[in-house]
K.L.:
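This is the structure, below, for whatever I ask next.
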Number of protein chains: 2
Amino acid sequence: MGLAKTEIFTDLQNEIALYAKVFGHPARVAILEHLFKINACVCGDLVNEIGLAQPTISQHLKELKNLGLIKGTVEGTSVCYCIHKENWTQMKEVMFKFLDQDLPKSNCC
Amino acid sequence: MGLAKTEIFTDLQNEIALYAKVFGHPARVAILEHLFKINACVCGDLVNEIGLAQPTISQHLKELKNLGLIKGTVEGTSVCYCIHKENWTQMKEVMFKFLDQDLPKSNCC
DNA sequence: CCTATTAATCGTAATATTGCAATATACAAA
DNA sequence: TTTGTATATTGCAATATTACGATTAATAGG
């Protein structure tokens, strides 16, 4: 199949999975880390920064954009990318709640 | 290809991606949430709890176990699962650091 | 030993992902 | 208009993932 049965899970579970999936590739992690490090817009040097071909980077950027985690604004012939602050904060809340659940006190096994 | 070029990324980037990948499926999110909710060991009722076939659940559990996020201890004919507290805490630190990076103050785009 | 129960593994079909060459698009500068 | 530059899209090959039926292990209780 290769197809997740999303209909049997809650919206929140699917949302968490979607966010996590996009972080599930080191190239996208690297892109995001670079955007954070530069702390501003980045115009196209991502292809040089990360060692993947231009179409591949473009594809990863698209996935990040589709989830709303980054923004891209056209600037002449190039496109400037940066973190979408509001959406990132919102995503962070969802992921934190999932990751930060209370661990059982008892040592069960 | 379908094969990530892990060798061109840092160990940390690959580690983050591996953790995120395992959370990138709603079934595994649901399994973990159930383990947190029960707050103790769970003996095999995951198949009933989540609406997937037994081999499918078993496969998802294996992936969670491979990453060390859960433990499974044999108890007679059944197996009891629970969160691996130490490893979960360690994973949380890694993911928090990634998710909680400082957002740029300036509005770039 | 035999049988039932539970969970893991195997095999396989359907689908998704990754990466890139080739190409297309969009715009700036000459 | 033409040329160059930057990015997006298309198409495809290789591989990965998801799901499950069938089967296999492992153990408990007769």
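From a predicted model like this one, the values you see are computed outputs, not experimental measurements. Reminder, nothing fancy here: chain letters follow the sequence lines and each chain counts from 1.
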K.L.:
Taking the inter-plane angle between the rings of Phe23(A) and Trp88(A) on a 0 to 90° scale, is it parallel (under 30°), tilted (30 to 60°) or perpendicular (over 60°)?
P.N.:
perpendicular

K.L.:
CZ/Phe98(A) to NZ/Lys92(B) distance, rounded to the nearest 0.5 angstrom?
P.N.:
11.5 Å

K.L.:
Tell me whether Cys43(B) and Cys80(B) have SG atoms closer together than 2.5 Å.
P.N.:
yes

K.L.:
Base, sugar-phosphate, or nothing for Leu52(A), non-hydrogen atoms under 4.0 angstrom?
P.N.:
sugar-phosphate

K.L.:
Would you indicate whether the side-chain heavy atoms of Leu103(B) and Phe36(A) approach each other to under 4.5 Å?
P.N.:
yes

K.L.:
side-chain contact (heavy atoms from CB on, under 4.5 Å) for Ile16(A) and Glu33(B)? Distances and angles first, verdict last.
P.N.:
CA-CA 11 Å; Ile16(A) 291 168; Glu33(B) 283 185 344; 3.9 Å; yes

K.L.:
Please compare Gly76(A) and Glu63(A) by the position of their nearest nucleotide in DNA chain C and report the one closer to 5'.
P.N.:
Glu63(A)

K.L.:
In whole Å, I'd like the distance from the CZ atom of Arg28(B) to the C1' atom of dA16(D).
P.N.:
12 Å

K.L.:
Would you say a side-chain N or O of His25(B) is under 4.0 Å from OP1 or OP2 of dA19(D)?
P.N.:
yes

K.L.:
Could you state the CD-C1' distance from Glu75(A) to dC27(C), rounded to the nearest angstrom?
P.N.:
13 Å

K.L.:
Kindly compute the distance separating CZ (Arg28(B)) from NZ (Lys21(B)), expressed to the nearest 0.5 Å.
P.N.:
9.5 Å

K.L.:
Can you measure Leu3(B) atom CG to dT17(D) atom P for me and round it to whole angstrom units?
P.N.:
10 Å

K.L.:
Ile57(A) has an atom CD1; how far is it from atom C1' of dA21(C), in whole Å?
P.N.:
16 Å

K.L.:
So Met91(A) and Leu99(B), side-chain contact (heavy atoms from CB on, under 4.5 Å) or not? Walk me through it.
P.N.:
CA-CA 9 Å; Met91(A) 173 281 296; Leu99(B) 296 173; 3.9 Å; yes

K.L.:
Can you check whether Met95(B) reaches Met95(A) side chain to side chain, under 4.5 Å on heavy atoms?
P.N.:
no

K.L.:
What's touching nucleotides 7-12 of chain D from the protein side, N or O pairs under 3.5 Å?
P.N.:
unit_1, atom_1, unit_2, atom_2, d
dT7(D), OP1, Gly44(A), N, 3.3
dT7(D), OP1, Val79(A), N, 3.4
dA8(D), OP1, Tyr81(A), OH, 2.4
dA8(D), OP2, Ser58(A), OG, 3.0
dA8(D), OP2, Tyr81(A), OH, 3.2
dA8(D), N7, Gln54(A), NE2, 2.6
dA8(D), N6, Gln54(A), OE1, 3.0

K.L.:
Please assess Asn87(B) against Gln90(B) for the test side-chain contact (heavy atoms from CB on, under 4.5 Å), listing each intermediate value before the final yes or no.
P.N.:
CA-CA 5 Å; Asn87(B) 292 357; Gln90(B) 213 175 334; 4.1 Å; yes

K.L.:
Can you tell me the distance, in whole Å, between the CG atom of Leu18(A) and the P atom of dA16(C)?
P.N.:
13 Å

K.L.:
Please work out which residues in residues 4-13 of chain A have a non-hydrogen atom less than 4.0 Å from an atom of DNA chain D and list them by number.
P.N.:
Ala4(A), Lys5(A)

K.L.:
Taking NE2 from His60(B) and C1' from dA8(C), how many angstroms apart are they, rounded to a whole number?
P.N.:
15 Å

K.L.:
Would you say Lys21(B) places a side-chain N or O within less than 4.0 Å of OP1 or OP2 belonging to dT17(D)?
P.N.:
yes

